[in-house]
Structures are given as C-alpha cells and as structure tokens.
Asks: 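After the structure tokens below, expect a handful of questions from me.
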Amino acid sequence: MLEPKRHLLPLILISLTAFFFYSYYHSSLPPPSTSELNPNFILSNPIHTQNPNPNTPNFTFIIKVLAFNRLDSLSRCLRSLARADYLGDRVNLHVYLDHFKHENGTASFDQKLDESRRIMEFVDGFDWKFGEKLLHYRTGNVGLQAQWLEAWWPSSDDEFAFIVEDDLEVSSLYYQFVKSLVVNFYYNTSNYSPSIYGASLQRARFVPGKHGNKMQLDNTTRLFLYQLVGTWGQILFPKPWKEFRLWYDKNKAKGIKPILEGMVTTGWYKKMGERIWTPWFIKFIHSYGYFNIYTNFLHERALSVSHRDAGVNYGKTAGPDSQLLDESSLDFNILEMHPLSGLKWFDFCFREVLPGRIIRTTDNLESFLHSLQNQSSVFFISLFGVSDTVTRNMLCHFESLNIRNFILMGLESDSLSDLARRGHPVIYVDQFVNSAELYKFNSKGSSFEDIRDILTKVYVVRKCMENRFNAWVVDGNMLFLSTDLFLEPTDTINDFIVTDNLELFYARSSSAAEKIWVDEFMFKVVATANSLASKDSLSHDGLSFVYIITKLLEQKGAKIRRLDETTFAMKIGSSSIKKSSLGDKKLVYWPGQMGMDSIRKWLQELNLWAIDNESSCTAVVCHKS
Ligand SMILES: *[C@@H]1O[C@H](CO)[C@@H](O)[C@H](O)[C@H]1NC(C)=O
Ligand SMILES: *[C@@H]1O[C@H](CO)[C@@H](O)[C@H](O)[C@H]1NC(C)=O
Ligand SMILES: *[C@@H]1O[C@H](CO)[C@@H](O)[C@H](O)[C@H]1NC(C)=O
Ligand SMILES: *[C@@H]1O[C@H](CO)[C@@H](O)[C@H](O)[C@H]1NC(C)=O
Ligand SMILES: *[C@@H]1O[C@H](CO)[C@@H](O)[C@H](O)[C@H]1NC(C)=O
Ligand SMILES: *[C@@H]1O[C@H](CO)[C@@H](O)[C@H](O)[C@H]1NC(C)=O
C-alpha cells in the first residue's frame with residue numbers, strides 16, 4: 001500500500017460507471033491533466049443521474065439531531081450537516097428538542113421560554129433541501145437517555161440513522177464516506193457481519209475497560225472495529241438497534257441494572273444513573289458481542305468533532321476534541337473500502353479479538369497453530385455433553401486468568417458458531433474427523449461417532465508437537481482457579497502428565513514425545529477405543545481418553561508424571577463445600593452427568609459463577625498485551 005503524502009494529492013475521476021473513486025498519484029507516473037487535478041471536480045459534480053442507488057434500492061438515511069438549549073451550537077451543527085454532499089439521495093432531518101427543566105433558582109422561565117422559541121424559529125426557518133425536516137419539541141425535560149433511545153425505531157432493515165448531538169460539527173465529506181461504508185459493509189454480503197452495529201465518525205480516544213491497553217494503531221489502518229459506542233456522530237444499523245431497544249425494555253422492566261464490573265462507564269452509571277444511556281448500550285454490546293466501525297484518519301482528524309460546549313455533559317466549554325477532516329486537508333482516498341477480512345477487531349480493553357476462527361479440517365488446524373501468539377501451551381477443551389451456559393462461565397474464567405491459547409472442541413452448533421463469532425476458536429469435531437488425514441486411522445471402519453472425540457484429541461496433540469506447542473487436553477466439566485499448574489509446567493523430565501480420575505492430560509513438545517506419538521501409536525489408540533466402544537460396559541461419561549492414553553504410554557515406557565487429583569483439584573456435588581475449603585486448589589470439577597442447575601448452584605456457592613442471566617460475563621477483565 002502506498003503511503004499517503006502530506007500535501008493534497010491529485011484526484012482522478014473514472015466516470016464510465018456511476019461509481020467513482022479517488023486515487024493516489026506517484027511522481028513516476030505521467031502528470032495528470034489539469035481537470036483531473038482539480039480536487040473540487042468530483043465534489044462539485046455529484047453523480048446523481050437517474051438512479052443514485054443502483055445497489056441499494058431501499059437504502060434510507062435519517063439524521064437525528066438531539067438538541068436542548070444551545071441555539072449557537074445547533075445552528076453550527078445544522079449548517080455543517082447542510083454543507084455535506086448527499087449525492088442526490090433523499091435524506092431526512094429530524095430534530096428532537098428537549099424541554100428545559102422546571103427547576104427554580106436558575107434563569108427565569110421567561111428567559112428559557114424565549115430561548116426555546118428562538119430555537120424553534122431557527123429550525124422552522126432552516127432550509128433543508130435534501131428531504132423532509134421535522135421538529136419534535138418535548139413537553140417536559142427527558143434528558144439524554146430518552147433523547148437517544150426514543151430518537152429512532154427503524155421502519156425497515158434498510159433504514160439507517162445518524163445520531164448527532166447539537167454540539168457536533170460534521171465534515172462535508174461525511175455522507176459520501178458513510179454511504180460507501182454502508183454499501184461495502186452492509187449491502188455487500190462478502191463484507192457483511194451480523195456483529196457490526198454501526199459506525200462512529202468521531203475519533204476513538206477512550207478505552208473503558210480498567211487497566212486496558214493504550215489505544216495504538218498502525219498508521220496505515222484507516223478503519224477498524226471496536227466495541228465501544230461513539231456518542232459524537234454515531235451511525236446506527238437497524239437490526240442491532242431494534243434488538244437493543246427490546247433488550248433495554250426487558251431489562252428495565254425486570255429492574256436489572258446495566259452493571260458490568262471492570263468498566264469505567266459502570267462507575268459513571270453508579271454516579272449518574274438514568275441520566276445517561278451509554279452504560280445500557282455498553283452492557284448490551286458486551287452481552288451480544290457486537291462491534292462498531294471506527295476511522296483512523298491520523299493527525300487527530302475525524303469526520304465528526306464535538307465542540308464540547310457547556311451543557312449537559314460539560315460544565316464549561318472544553319473546545320473541539322479533534323480536527324475536522326475536510327476537502328482541503330484530504331490527503332488520502334477516503335472512499336476506498338477494504339474487505340472486512342482485512343480489518344482488526346478490538347474489545348473494551350482495546351485488545352485484539354479474532355472472530356470467526358472455525359477449524360473444520362486438519363489444514364485449518366495447521367494454519368491456526370501457525371497464527372498463535374507466543375505462548376507455549378495450547379488448551380484443547382472438550383465440550384461433549386457440556387452445556388452452553390457452563391461453557392460461557394468457563395470462558396469468563398479464562399478471561400480473568402488471561403488464558404488465551406485455547407480451542408473449543410465440539411459438534412457443529414449455533415452455540416459454538418456464536419462463540420467463534422465472539423472470537424473463541426472452535427474445532428467442529430464432526431467435520432474435522434472427516435478430513436482425509438484422519439480417515440486412515442480408523443482402519444477397522446467402525447462408526448466415527450463413538451471415537452471421534454478421542455481421534456480428534458490424539459490428532460491435535462500430534463499437531464501441537466509438530467508445531468512446538470505443549471498441549472493440554474481438558475474437559476469442559478472443570479474450571480481452572482489459577483494458572484500456576486497449567487501455563488508453564490517446569491517439569492522437563494517427564495514428557496506427559498496424566499491424572500488418575502480426571503480428563504486432564506498434558507503432552508510436552510519434545511523429541512522424545514514426538515517419537516512416541518507417531519502413526520503407529522495413533523492407530524493403537526483408535527483400535528483400543530474401538531474395542532472399548534464395542535463393549536456395553538461404557539461408563540456414563542463415555543470413553544476415557546486419558547485412561548486409554550495412559551495405558552498405551554506405559555506400554556511404550558514413556559516418561560509420565562501421574563498426578564493425584566486430590567492434591568490440586570476439588571470435586572463438587574457430593575459433600576457440602578465452602579469457599580474456604582478450596583484453599584489453594586487449582587481446579588474444581590464435577591461429574592459429566594450433573595445437571596446444569598446443580599452445577600450453577602454449586603459454583604454460585606463457591607463464588608465461581610461468573611455469568612449473568614443472559615450467559616454473559618458479569619465483568620470485563622483487561623490484561624496488558
Ligand atoms: C425494497 O422494498 C420493497 C418494498 O418493501 C421490496 O419489495 C423489495 O424486495 C426491496 N428490495 C430489496 C433489494 O430489498
Ligand atoms: C422550588 O422547588 C422546590 C422543590 O421542587 C419546591 O418545593 C419549591 O416550592 C420551589 N420554590 C419555588 C419558589 O417555586
Ligand atoms: C507512519 O509511521 C511510520 C513509522 O512509525 C512513520 O515513519 C511514518 O512517517 C508515519 N506516517 C504517517 C503518515 O504518519
Ligand atoms: C464486495 O466485496 C468484495 C470483497 O471486498 C469485493 O471483492 C467485491 O468487489 C465487492 N462487490 C461489490 C459489488 O462491490
Ligand atoms: C517465545 O517465548 C519464549 C519463552 O517464553 C521466549 O524464549 C521466546 O523468545 C519467545 N519468542 C518470541 C518470538 O517472542
Ligand atoms: C436470574 O434468574 C433467576 C432465575 O431464573 C432469578 O431468580 C434472578 O432474580 C435473576 N437475576 C436477575 C438479576 O435478574
């Protein structure tokens with residue numbers, strides 16, 4: 001990619017189709033003609049011929065301006081909106097004017113009445129030639145939360161809203177940019193993601209997760225995804241906004257508060273309560289795993305800036321937060337959109353998230369391992385018979401323990417697909433065992449269903465060894481309490497760690513281990529599993545991977561450390577346990593057949609239930625990365 005130049009670069013129009021784009025010029029190229037050099041050429045010749053929206057026939061854009069008592073701010077805001085190029089599209093302008101508060105003591109009512117009247121007169125007289133203009137004047141003071149929430153109920157999946165508080169000023173380029181963005185990330189199915197709830201035109205500056213990362217971006221990054229909502233110029237997509245309104249309604253009715261521990265914004269909520277709306281939206285976004293598109297235009301530039309005028313949010317005027325990016329300072333192609341697959345995703349800690357990693361084949365696994373961060377152990381979590389809720393609770397513990405290198409293993413399901421969308425890598429075991437490379441191990445031709453779990457485990461361990469990763473194979477019916485035992489076993493004598501009565505197994509990446517874990521060994525594991533599977537005497541929990549492996553490794557004379565699970569693990573569900581009896585235990589576990597309600601009850605008692613009623617973590621825990 002070319003580095004953008006500081007000075008204004010020439011623009012070319014490619015006008016054969018109804019599309020256009022800017023382009024960079026390299027000094028080695030022949031000089032462009034003078035008409036091509038005029039940067040105003042495109043902008044003053046909008047392409048609104050017959051059909052302005054060939055690819056987006058039902059696309060509708062509504063500007064929702066939230067105003068209160070600041071005429072000067074509102075007039076600056078509306079003028080900037082009217083200066084934008086709307087490409088011939090019909091764009092409606094809705095102004096929501098909140099009522100002054102009936103408080104005594106401050107300015108006289110007469111003054112306030114007069115101010116409201118002047119604002120209404122101004123809006124009434126304001127020339128909006130792009131579509132309908134509507135003024136909604138409240139009868140009482142509703143505050144910012146209701147102003148935002150009641151501003152919009154999408155009338156279709158093609159209606160988009162741009163929410164603008166009155167002290168904002170937007171760039172005349174904003175609409176062209178937003179339109180390209182929507183065409184690329186909403187209407188182009190290859191770049192569409194149901195996780196995206198909108199786009200913020202403000203400059204991203206704030207990380208709400210406590211102890212989160214500094215916001216640092218590569219200066220070639222123009223667009224990125226970030227969970228946080230931007231209140232200074234936010235484009236909302238219809239479907240997620242409807243979901244939010246319904247979610248808010250439900251939670252509000254049940255008296256549930258938008259408390260998300262570990263977030264600065266939760267502190268705001270505790271102070272300001274229902275005067276603000278962002279804690280609600282943030283809790284919703286966290287719960288649903290959604291993201292917002294942000295721009296990174298460098299040099300503190302953005303398409304929307306807040307003047308931070310004195311008012312509801314600021315006691316006194318704080319001045320603009322960013323530089324407005326306009327035509328005169330444009331030194332790159334603002335309409336150039338990239339495939340979604342090339343964008344980075346960041347969570348509330350500004351930590352990178354990698355969504356959509358679904359491993360279906362042995363090749364997928366190979367490239368996944370190559371992409372892993374430098375942590376020398378990988379956890380394979382077997383989710384057979386583990387409920388979605390229990391899995392999500394486990395993932396919250398992983399977040400707080402900072403366990404990052406793990407893969408969930410289970411059958412293809414909506415639940416696993418949703419976890420992958422949220423950034424948790426997944427192996428679809430039912431598809432994975434059909435990889436040609438795995439077929440050869442099932443020479444007896446028995447049903448893969450009985451042994452696919454074991455076949456997958458034996459194979460992933462081998463892949464880890466080949467790629468110099470240690471492998472932990474663990475069961476979803478256990479919960480780690482600390483990482484002492486797991487992250488970096490210091491044992492360099494033994495190549496394997498097994499536990500007698502737990503599905504917990506460790507294979508070190510060493511040449512000795514690799515020499516054992518060859519095809520012949522894997523054939524034997526599968527054959528043993530097959531012969532055990534054909535017996536009727538299987539336990540409730542099915543075949544034990546650890547049991548089979550331990551037997552065969554012993555026959556091979558492998559260096560094995562046997563752990564007595566009672567020294568580091570605690571079983572729940574039999575006798576009553578108190579938090580204090582956990583002592584310095586490293587994990588708790590429970591029988592596979594234990595019901596969800598019992599598991600929750602036990603874990604709640606031990607303070608290990610880390611999810612709310614919607615199965616989302618009750619806290620955000622940031623770690624520096
Ligand atoms: C546009 O809206 C009309 C009427 O609702 C509908 O029949 C049509 O299928 C829509 N077109 C697209 C491409 O969604
Ligand atoms: C001022 O407000 C308080 C509380 O709302 C009320 O009790 C009081 O009567 C008001 N005083 C005047 C002069 O309006
Ligand atoms: C981008 O970053 C590189 C390295 O930090 C720096 O040399 C370059 O000047 C930067 N470019 C811009 C446009 O800021
Ligand atoms: C849709 O997006 C893909 C990937 O970015 C791109 O290759 C393709 O040209 C786009 N299609 C249209 C109609 O713009
Ligand atoms: C990877 O981690 C190991 C051990 O923690 C360390 O010695 C090595 O330098 C790291 N490599 C890279 C490329 O960071
Ligand atoms: C969560 O659900 C349980 C039962 O389903 C209920 O008793 C509890 O009050 C709910 N908690 C919240 C915060 O809504």
Side-chain angles (χ1 to χ4, degrees), residues 1-2 4 11-24 42 46-62 85-92 94 130-132 152-162 173-200 217-218 220-226 235-243 290-297 332-346 352-358 364 367 371 420-421 423:
M1 200 183 140
L2 293 174
L11 308 155
I12 337 159
L13 176 63
I14 299 173
S15 61
L16 289 177
T17 67
F19 293 95
F20 63 90
F21 37 83
Y22 301 71
S23 182
Y24 299 125
I42 292 165
I47 331 255
H48 15 97
T49 43
Q50 298 86 14
N51 185 355
N53 300 317
N55 293 324
T56 56
N58 293 341
F59 170 77
T60 321
F61 191 77
I62 308 182
D85 183 349
Y86 290 97
L87 305 169
D89 293 352
R90 185 177 161 79
V91 172
N92 297 333
H94 296 174
F130 309 101
E132 124 198 319
W152 189 43
W153 179 260
S155 62
S156 81
D157 287 347
D158 295 292
E159 187 177 286
F160 294 75
F162 181 34
L173 301 168
Y174 96 88
Y175 182 78
Q176 293 157 285
F177 173 77
V178 170
K179 182 80 185 288
S180 309
L181 199 82
V182 169
V183 168
N184 190 56
F185 293 108
Y186 193 82
Y187 286 108
N188 184 338
T189 49
S190 56
N191 289 323
Y192 172 78
S193 162
S195 302
I196 299 179
Y197 67 81
S200 169
L217 290 157
D218 183 323
T220 60
T221 301
R222 289 275 167 272
L223 297 177
F224 61 99
L225 294 131
Y226 180 29
I235 311 285
L236 297 170
F237 288 5
K239 282 180 259 184
W241 184 254
K242 272 191 189 173
E243 281 178 324
Y290 285 167
F291 291 82
N292 201 8
I293 300 174
Y294 274 86
T295 61
N296 177 42
F297 292 148
F332 62 94
N333 177 4
I334 193 173
L335 300 184
E336 183 190 25
M337 294 291 151
H338 293 280
L340 184 64
S341 57
L343 304 193
K344 289 195 169 180
W345 303 65
F346 296 93
E352 193 173 356
V353 175
L354 299 165
R357 287 173 297 170
I358 295 178
N364 289 166
S367 31
S371 75
R421 180 185 67 79

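FYI, side chains are in, hydrogens and waters are out, and symmetry mates aren't considered; it's all heavy atoms of this structure. Whatever order the structure lists ligands and atoms in, that order sets their numbers, starting from 1.
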Asks: Are Y86 and Y175 close enough, and set up right, to give a ring pair (Phe, Tyr, Trp, His ring centres under 6.0 Å), and what steps lead you there?
Replies: CA-CA 6 Å; Y86 290 97; Y175 182 78; 4.9 Å; yes
Asks: With rounding to the nearest 0.5 Å, note down the distance linking CG in L181 to CZ in F160.
Replies: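 Spacing of CG (L181) from CZ (F160) equals 9.5 Å.
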Asks: Ring centroids only, cut at 6.0 angstrom: are F162 and Y174 within range, meaning strictly under it?
Replies: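 Close enough - the centres of the two rings lie under 6.0 Å apart.
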Asks: Compute the shortest N/O to N/O distance between H338 and ligand 4 and return yes if it is under 3.5 Å, no if not.
Replies: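 In fact, backbone or side chain, H338 has no N or O that close.
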Asks: For a ring pair (Phe, Tyr, Trp, His ring centres under 6.0 Å) check, start with the C-alpha distance between Y294 and F224, then their side-chain angles and the critical distance, and finish with the verdict.
Replies: CA-CA 5 Å; Y294 274 86; F224 61 99; 5.7 Å; yes
Asks: Go through the steps for D158 and Y186 under the test side chain to side chain donor-acceptor pair (under 3.5 Å), then give the verdict.
Replies: CA-CA 9 Å; D158 295 292; Y186 193 82; 5.8 Å; no
Asks: Write none if no such pair exists; otherwise list each N/O atom of ligand 1 with its protein N/O partner under 3.5 Å and the distance.
Replies:
unit_1	atom_1	unit_2	atom_2	d
ligand 1	2 (O)	N58	OD1	3.4
ligand 1	2 (O)	N58	ND2	2.3
ligand 1	11 (N)	N58	ND2	2.9

Asks: Are F291 and Y197 close enough, and set up right, to give a ring pair (Phe, Tyr, Trp, His ring centres under 6.0 Å), and what steps lead you there?
Replies: CA-CA 6 Å; F291 291 82; Y197 67 81; 8.4 Å; no
Asks: Drop me the distance from H338's NE2 to N191's CG, to the nearest 0.5 angstrom.
Replies: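 Atom-to-atom, H338:NE2 and N191:CG are 11.0 Å apart.
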Asks: Is it the case that ligand 4 has an N or O less than 3.5 angstrom from some N or O of N184?
Replies: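 Between N184 and ligand 4, no N or O pair is found under 3.5 Å apart.
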Asks: Which atoms of ligand 4 are found less than 4.0 Å from any heavy atom of S190?
Replies: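 Per the distance check, 1 (C), 2 (O), 3 (C), 4 (C).
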Asks: With R222 as the cation and F297 as the aromatic partner, state whether NZ or CZ is under 6.0 Å from the six-membered ring centre and within 45° of the axis.
Replies: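 Judged by the rule (NZ or CZ under 6.0 Å from the ring centre, within 45° of its axis), R222 is not positioned above F297.
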Asks: Under 4.0 Å, heavy atoms only, figure out whether ligand 4 is touched by the backbone of P339, its side chain, both or neither.
Replies: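 For P339, the contact with ligand 4 is made by both the backbone and the side chain.
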